[in-house]
Amino acid sequence: MAGQLWDEGNLPSPLQELRDERLGTVRVLLKRDDLIHPEIVGNKWRKLRYLLPEVVASGATTMLTFGGAYSNHVRAVAVAGRRAGLRTIGVIRGDERPMNAVLAAAVADGMRLRYLDRVTYRRRDDPATLRALRRELGAFYLVPEGGTTVYAVRGCAEIVAEIATPFDIVLCAVGTGGTLAGLAAGLPAGRRAIGVSVLRGAHSLDNDVAELQRSALGERRGEWIVDHRFHHGGFARASPELDAFLVDFERRHRLVLDHVYVGKLMFALFAMVAAGEIPPGSVAVAVVTGPVSGAARSNRHSPDLMV
Ligand SMILES: *Cc1c(COP(=O)(O)O)cnc(C)c1O
């Protein structure tokens, strides 16, 4: 059944070497999850893969989820719902109008939007808030913000299983922590995962990731940390250093990274290499969780980039 309602996408996602003299003897491999699916961005595809059959099996006809106005997750749920024949409702933080391209695409996929003021949004998981939403909008299957569920942990654990080349460290950007929880859960002994938080001072993430692993797997699993140094001012904020890094990165690699997630991850990776925190001679895998544009996209079948 999952095969029909779920588009299997391109698996395994390609692993590409990033050649950059600043890395010295550190080998960096990009795990191009952005190339899995044209409409459902990388890690959101992984996170929904095993959730969607659960939603259908529950008999629900509507999925409701939460997100910011530029949420890749909200957009992913709209696409997944359309494909599975489920109605979708996106509850959006704040009141951002006119509608941006992300939300317009979600609406084009049939999603109904409901804006929620920021104060109530913070209490989105409270029973009273959910009761009020059910009264207003009818019954729904609740998909948490970011799609972060025990099924996401299972889906993201498969990232590591797909990496055929031996590596020492795997890194990803962290929003809600679902991707890191899965990534770390799939790690073989002796490897470690570093999650780069894109939020300012979100120290509760450490506990969130551990809790998520406990509910999905019964225990904390894998050697992992959340690094809180590279938020550049907070979610969707940028610093002059980040901007300069990304302009330079585009010039060197013809890859346009987003400022929100993958750009901050890559900045962090280069900083860690420069500081010797990722020791010379190691192999580091950076998970490209979301959209990248640029010439290398068309190189996915080019043998010199594949490893
Ligand atoms: C949502 C998102 C993340 C954050 O993933 P979490 O599992 O919430 O930590 C990272 N990268 C991209 C591109 C995303 O869209």
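Computed from heavy atoms alone, side chains included, the values below leave out hydrogens, waters and symmetry copies. Order of listing sets the numbers, starting from 1, for every ligand and every atom in it.
- Within a 6.0 Å radius of CZ in R214, other residues, nucleotides and ligands contribute more than 12 heavy atoms.
- Using bins of under 30°, 30° to 60° and over 60° for the plane-to-plane angle, the ring pair H228/H203 lands in the tilted bin.
- Nearest protein heavy-atom neighbour of atom 10 (C) of ligand 1: Y261 CD2, 3.2 Å.
- In this structure, R154 and R49 have side chains that are not in contact, with every pair of non-hydrogen atoms separated by 4.5 Å or more.
- Ligand 1 lies less than 4.0 angstrom from a heavy atom belonging to K44.
- Residue K47 has at least one N or O atom closer than 3.5 Å to an N or O atom of ligand 1.
- Scanning all protein heavy atoms for the shortest distance to atom 11 (N) of ligand 1 gives T289 OG1, 2.7 Å.
- Neither the backbone nor the side chain of H73 comes within contact range of ligand 1; no heavy atom lies under 4.0 Å.
- Which parts of ligand 1 touch N72 is read off a 4.0 Å heavy-atom cut-off, strictly below it: atoms 13 (C), 14 (C), 15 (O).
- L199 CG to R237 CZ: the interatomic distance, rounded to the nearest 0.5 Å, is 11.5 Å.
- For L180, no heavy-atom contact with ligand 1 is shorter than 4.0 Å.
- Contact annotation: the side chain of M63 never approaches that of M111 to less than 4.5 Å [non-hydrogen atoms, C-beta and beyond].
- Of the polar atoms of P291, none of the N or O atoms is found under 3.5 Å from an N or O of ligand 1, judged by distance alone.
- Close contacts of ligand 1 with G290, meaning ligand atoms under 4.0 Å from a residue heavy atom, involve 13 (C).
- For H232 and F267, the distance between ring centers is under 6.0 angstrom.
- For ligand 1, the atoms lying closer than 4.0 Å to a non-hydrogen atom of T179 are 5 (O), 6 (P), 7 (O).
- Shortest contact from atom 8 (O) of ligand 1 to any protein heavy atom: T176 OG1, 2.6 Å.
- One finds no salt bridge joining D168 and R192 here, because no Lys/Arg side-chain nitrogen approaches an Asp/Glu carboxylate oxygen to under 4.0 Å.
- The N/O atoms of V262, backbone and side chain alike, include none that comes under 3.5 Å of an N/O atom in ligand 1.
- Within the 4.5 Å cutoff, the side chain of V160 has heavy atoms near those of the L183 side chain.
- Of all atoms in ligand 1, listed by their number and element, those nearer than 4.0 Å to a heavy atom of V174 are 9 (O).
- No donor-acceptor pair closer than 3.5 Å links the side chain of T65 to the backbone N or O of V74.
- Scanning the protein heavy atoms around atom 5 (O) of ligand 1, the nearest turns out to be N43 ND2, 3.0 Å.
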